[in-house]
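Contents: one structure, followed by commentary.
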Number of protein chains: 2
Amino acid sequence: MLITQEKTKNPEDPRVVRTRRLLVDALNELMGEKSFDAITVSEIATRATLNRVTFYAHFQDKYALLEYDLSNRVQSQLQATLDDHPQLSEDSVHALLAFVCSFLENAERHCPPPRGQMQGLMEKLLKQHIYEVLLDELQHHPAYKTKSNKAGSPSVQQTAMVTAWAIYGAAFQWSQQDKRQPVAQFTPEVLPLITANLAPYLEPRTNKAAPQRVAAGRGPSALLGASLRFAFSFS
Amino acid sequence: MLITQEKTKNPEDPRVVRTRRLLVDALNELMGEKSFDAITVSEIATRATLNRVTFYAHFQDKYALLEYDLSNRVQSQLQATLDDHPQLSEDSVHALLAFVCSFLENAERHCPPPRGQMQGLMEKLLKQHIYEVLLDELQHHPAYKTKSNKAGSPSVQQTAMVTAWAIYGAAFQWSQQDKRQPVAQFTPEVLPLITANLAPYLEPRTNKAAPQRVAAGRGPSALLGASLRFAFSFS
DNA sequence: GGTTTTTTGTCGTTTAGTCGACACTTCCTA
DNA sequence: TAGGAAGTGTCGACTAAACGACAAAAAACC
């Protein structure tokens, strides 16, 4: 469960929805201009055409806003990535991995250093949402009933957790390399290390030319705000 | 004086400013999709992520909103057009005329028919703001004092009014033609008809290659909203 | 023609956002 | 190192926006 540290307001109220949208948009704009550390709450509020007090009515501090924003993006993008595949397969797991790689790469490219706080936050969110999305997938899998009852074999929770860590770990290792190999070359290489534990749930891989695609047909920057996309496309 | 039919609210309040901006943006978006007649107040409010009641707290109806929007654009664009010229000259008057032509042309191109109400509204606003901007220019002209005191000669008000009508009339006549000649060809042709009455105030025309430019260096679509620009650039 | 259906305006009431002010921390520089 | 500037976080009083509901006008439909 995600604790998005929001104050007690009716999250259905259009004013609340609009205000959060304005704050998120403002943050994204500013992130295209300077490092997250250098951004102040006052700046965010001003850019959002909102009062500073209103910011605090919604988020504890700028870190809570960043988490709220990143979490939403990661979640919806991961879900969209899986939605493009009819069921769990090597392809869909590969798509997840490619998505995480591109996410890390883009974060590095768009957000001016220092990225102190962001690093840990992204790790936390990515693992969390990969876990949730995988768990959901496994629990709705045809093989779920038979697997879950067999004593001694790993639970779906365990399987999802280990796989989530494996996916993030792989992507992280790749992102840390000095001279990275291309994503399209890297991901198929490590894929077996990830899918091994999923074997009971996996459809055999299709032969279509799908593997190279990143984030299931969406460009890597789909997960970034408009201004970041803008900054990116001209960098 | 412009009667922008606004309800009694503090126009300085950031919430008010933001709300009006949202309404204007929503209207512009919708105008890129359908005719003004086909747009409802509910649609505008929904698109602006505002309650319908809030719309009525700011504008009497959709026509008041359109007037508010067009008026602001016409005014700022006209002002900017003149601001690019150091003082009143044939060039600046020519720029005004070219601006009005391009305004009429773009309105026709971007706004799906029928344009019943818009026609009259644009005429009213254009004439009004041309008058205001010209009057301001004449009153600050070095020759103002001597002219204004000479009995029997036209007042600056009279001069501004006649010139405003002449400029709009010329542009309108051009826009009504079945097969229009290019603006760059038309405007120099009629310019003498307009500047005749301004002779006492005018600097001689420069020889620079300025005449062709429209709206003082801005593209014609500078006066249109983002979505309209978008729709335009791909039409 | 008459009858649904949609859109328009306008009410109170409730809730979110703004404002000014305050005490506090942090950082910078004289 | 003292002190000024800038950022943070919170308070209570005021104002704008949301909501549901209503009647009445317009449009759409048969």
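The analysis underlying the following values was restricted to heavy atoms, covering all of them including side chains, and did not include hydrogens, waters or symmetry mates. All chains are named by letter (A, B, ...) in the order of the sequence lines, taking the proteins before the strands, and each is independently numbered beginning at 1.
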Quick one: [X] [atom1] to [N] [atom2], roughly how many Å, whole number?
{"X": "Ile39(A)", "N": "dT8(D)", "atom1": "CD1", "atom2": "C1'", "answer": "16 Å"}
{"X": "Asp61(B)", "N": "dA25(D)", "atom1": "CG", "atom2": "P", "answer": "17 Å"}
{"X": "Phe59(B)", "N": "dG9(C)", "atom1": "CZ", "atom2": "P", "answer": "14 Å"}
{"X": "Leu22(A)", "N": "dA17(D)", "atom1": "CG", "atom2": "P", "answer": "13 Å"}
{"X": "Asp37(B)", "N": "dT8(C)", "atom1": "CG", "atom2": "P", "answer": "12 Å"}
{"X": "Glu12(A)", "N": "dG20(D)", "atom1": "CD", "atom2": "P", "answer": "11 Å"}
{"X": "Phe55(A)", "N": "dC19(C)", "atom1": "CZ", "atom2": "P", "answer": "18 Å"}
{"X": "Arg21(B)", "N": "dG17(C)", "atom1": "CZ", "atom2": "P", "answer": "15 Å"}

| field | Cys101(B) and Thr187(B), any side-chain heavy atoms less than 4.5 Å apart | value | yes

| note | Judged by nearest nucleotide, the residue sitting upstream toward the 5' end of DNA chain C, Asp13(A) or Glu43(B), is Glu43(B)

| field | Any donor-acceptor pair under 3.5 Å from Thr19(B) side chain to Arg15(B) backbone | value | yes

| Does Asp69(B) use its side chain to pair, donor to acceptor, with the backbone of Asn72(B) at less than 3.5 Å? | no

Side-chain N or O of [X] less than 4.0 angstrom from OP1 or OP2 on [N]?
{"X": "His58(A)", "N": "dA16(C)", "answer": "no"}
{"X": "Thr54(A)", "N": "dA16(C)", "answer": "no"}
{"X": "Ser42(B)", "N": "dT8(C)", "answer": "yes"}
{"X": "Tyr56(A)", "N": "dT10(D)", "answer": "no"}

| remark: In numerical order, the residues of residues 45-53 of chain B whose heavy atoms come under 4.0 Å of DNA chain C are Arg52(B), Val53(B)

| field | Within residues 39-48 of chain A or reaching into it, pairs that qualify as side chain to side chain donor-acceptor pair (under 3.5 Å) - sequence neighbours excluded | value | Glu29(A)-Arg47(A), Glu33(A)-Arg47(A), Lys34(A)-Glu43(A)

| said: I'd like to check the salt bridge (charged side-chain N to carboxylate O under 4.0 Å, His left out) partners of Lys62(B); sequence neighbours left out, ordered by chain and number. | reply: none

| Which residues satisfy the salt bridge (charged side-chain N to carboxylate O under 4.0 Å, His left out) test with Asp136(B), sequence neighbours excluded? | none

| request: Find which nucleotide of DNA chain D each of Thr40(A) and Arg18(A) is nearest to by heavy atoms, and output the residue with the more 5' nucleotide. | output: Thr40(A)

| said: Pick the closest DNA chain D nucleotide for Pro14(A) and for Lys62(A) by heavy atoms, then say which residue is nearer the 5' end. | reply: Lys62(A)

| Bend angle of the helix from dG1(C)-dC30(D) to dA30(C)-dT1(D), end axes from five pairs each (to 10°) | 50°

| said: Out of the candidates His129(B), Gln119(B), Glu67(B), only one should pair with Lys124(B) under the side chain to side chain donor-acceptor pair (under 3.5 Å) rule; please name it. | reply: Glu67(B)

| Looking at CE of Met122(A) and OG of Ser71(A), how far apart are the two atoms once the value is rounded to the nearest 0.5 Å? | 13.5 Å

Let me have the donor-acceptor pairs involving side chains of residues 172-179 of chain A, under 3.5 Å, with sequence neighbours excluded, atom names and distances please.
| from | atom 1 | to | atom 2 | distance (Å) |
| --- | --- | --- | --- | --- |
| Trp174(A) | NE1 | Gln181(A) | O | 2.9 |
| Ser175(A) | OG | Phe172(A) | O | 2.8 |

| request: Verify side chain to side chain contact (heavy atoms under 4.5 Å, CB included) between Val74(B) and Phe103(B), making sure each step is shown before the conclusion. | output: CA-CA 9 Å; Val74(B) 168; Phe103(B) 189 95; 3.7 Å; yes

| Does the base of dG17(C) carry an N or O that pairs as donor and acceptor with the side chain of Arg15(A) under 3.5 Å? | no

